[in-house]
Amino acid sequence: MSATAKADARPLPDAEIVEAYLTASMIPDPDAAAAFMKPGTMITFTGGREFDHPRGPTGFNARRYRWVKKKMDRFDICPGADETVVYSMGTLYGEWIDGTPFEGNRYVDRFVVKDGQIVKMDVWNDSAERILVQRGIEA
């Protein structure tokens with residue numbers, strides 16, 4: 001079943017919405033990922049870069065990585081009165097743009113989910129520090 005079909009089949013718990021979004025974004029299929037977001041949702045990416053659609057981070061990642069995937073280790077769920085904050089934590093693995101493989105690159109993604117849709121996303125990871133180390137700069 002595709003990520004989009006899964007979204008249409010039944011209401012998903014908030015952590016499953018986040019997991020489905022991340023799974024679609026790793027394909028990468030930014031349009032399928034967008035099905036889990038309220039249109040116009042702001043994604044604040046590493047370095048404070050802002051995007052209003054999953055195509056933004058996909059395009060940015062294409063300049064940094066040949067390919068990249070997330071090993072999702074855990075989800076922390078913080079329910080609120082009218083929204084839920086979901087943290088996805090784990091590590092990135094893949095290949096840098098020059099083809100060098102990597103793994104164990106920590107990430108934290110913070111999502112705000114309201115009424116069954118992601119309404120805000122913030123992204124942090126250690127990629128910048130790893131790039132500095134590759135260039136011989138102590139991070």
Side-chain angles (χ1 to χ4, degrees):
M1 177 179 287
S2 75
T4 303
K6 187 175 180 183
D8 296 336
R10 62 175 168 80
L12 296 174
D14 295 336
E16 287 185 34
I17 291 166
V18 167
E19 185 175 14
Y21 168 87
L22 291 172
T23 299
S25 69
M26 284 189 291
I27 292 172
D29 187 343
D31 292 325
F36 297 97
M37 296 187 126
K38 183 176 179 180
T41 290
M42 190 56 59
I43 301 167
T44 305
F45 211 62
T46 58
R49 294 165 187 87
E50 293 184 329
F51 305 104
D52 64 0
H53 190 279
R55 283 187 296 269
T58 298
F60 175 80
N61 281 340
R63 295 189 314 265
R64 183 175 275 190
Y65 312 105
R66 257 192 202 174
W67 63 272
V68 62
K69 303 290 182 205
K70 291 184 176 184
K71 180 179 175 284
M72 295 177 260
D73 291 332
R74 76 181 218 219
F75 294 91
D76 288 351
I77 304 157
C78 309
D82 65 345
E83 64 187 26
T84 302
V85 175
V86 178
Y87 291 90
S88 173
M89 290 167 278
T91 56
L92 303 175
Y93 64 96
E95 289 183 6
W96 296 111
I97 199 69
D98 70 0
T100 304
F102 70 89
E103 63 183 352
N105 182 347
R106 298 176 309 161
Y107 82 86
V108 175
D109 292 342
R110 180 186 184 272
F111 296 85
V112 178
V113 181
K114 185 173 184 171
D115 299 326
Q117 291 187 298
I118 296 166
V119 297
K120 182 162 179 39
M121 179 183 179
D122 297 286
V123 176
W124 297 273
N125 65 56
D126 287 338
S127 291
E129 285 74 16
R130 287 176 169 241
I131 291 169
L132 289 172
V133 170
Q134 281 180 335
R135 294 187 175 154
I137 301 168
E138 188 173 329

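Below, all heavy atoms of this structure are taken into account, side chains as well, without hydrogens, waters or symmetry copies. For clarity, every value in this text was computed on a predicted model and none was experimentally measured. We number each residue from 1, following the sequence as shown.
Across all non-hydrogen atoms, the minimal contact from A33 to Y21 is O-CD1, 3.2 Å. Looking at every heavy atom in both residues, I77 comes nearest to A15 through CD1-CB, 3.7 Å. Looking at every heavy atom in both residues, F75 comes nearest to V18 through CE2-CG1, 3.9 Å. Counting all heavy atoms, side chain and backbone alike, P28 lies closest to T58 at CB-CG2, 4.0 Å. Heavy-atom minimum distance, L92 versus S127: CD1-OG, 4.0 Å. Nearest approach of W124 to R110, heavy atoms of both residues: CZ3-CB, 3.9 Å.
Clustering ILVMFWY residues whenever any of their side-chain heavy atoms sit less than 4.5 angstrom apart, transitively, puts M72 in a cluster other than the one holding V112.
Not one N or O on the side chain of D109 forms a donor-acceptor pair closer than 3.5 Å with the backbone of V123. K114 places no side-chain N or O within donor-acceptor distance of the main-chain N or O of D82, the cut-off being under 3.5 Å. Remark: the backbone N or O of I118 is paired with a side-chain donor or acceptor of T41 at under 3.5 angstrom.
The distance from the CZ atom of F51 to the CE atom of M121 is 11.0 Å, given to the nearest 0.5 Å. Taken to the nearest 0.5 Å, the CZ atom of R130 stands 12.0 Å off from the CZ atom of R64. Rounding to the nearest 0.5 angstrom, the gap separating the CD atom in E95 from the OH atom in Y65 is 13.0 Å. The distance from the CG atom of N61 to the OG1 atom of T46 is 7.5 Å, given to the nearest 0.5 Å. Distance NZ/K69 to OG/S25: 9.0 Å, rounded to 0.5 Å. Residue T44 holds its OG1 atom at 5.0 Å from CG of D122, rounded to the nearest 0.5 Å.
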Q: Start with the C-alpha gap between I131 and W96, add the side-chain angles, then the distance that decides, and say whether side-chain contact (heavy atoms from CB on, under 4.5 Å) holds.
A: CA-CA 9 Å; I131 291 169; W96 296 111; 3.9 Å; yes
Q: Dump the intermediate steps for side-chain contact (heavy atoms from CB on, under 4.5 Å) on N105 and T91, then the final yes or no.
A: CA-CA 5 Å; N105 182 347; T91 56; 5.7 Å; no
Q.
As a quick check of understanding, evaluate side-chain contact (heavy atoms from CB on, under 4.5 Å) for I43 and H53, giving each step before the final call.
A. CA-CA 7 Å; I43 301 167; H53 190 279; 6.0 Å; no
Q. Hey, mind stepping through D31 and R55 against side-chain contact (heavy atoms from CB on, under 4.5 Å) and telling me if it holds?
A. CA-CA 8 Å; D31 292 325; R55 283 187 296 269; 2.9 Å; yes
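For the pair V68 and F102, the minimum side-chain heavy-atom distance is below 4.5 Å.
Between D98 and R66, no side-chain nitrogen of the basic residue sits less than 4.0 Å from a carboxylate oxygen of the acidic one, so the salt-bridge criterion is not met.
A side-chain donor-acceptor contact under 3.5 Å links S88 and Y107.
Residue-environment remark: NZ (K38) stays at or below the threshold of 12 foreign heavy atoms within 6.0 Å.
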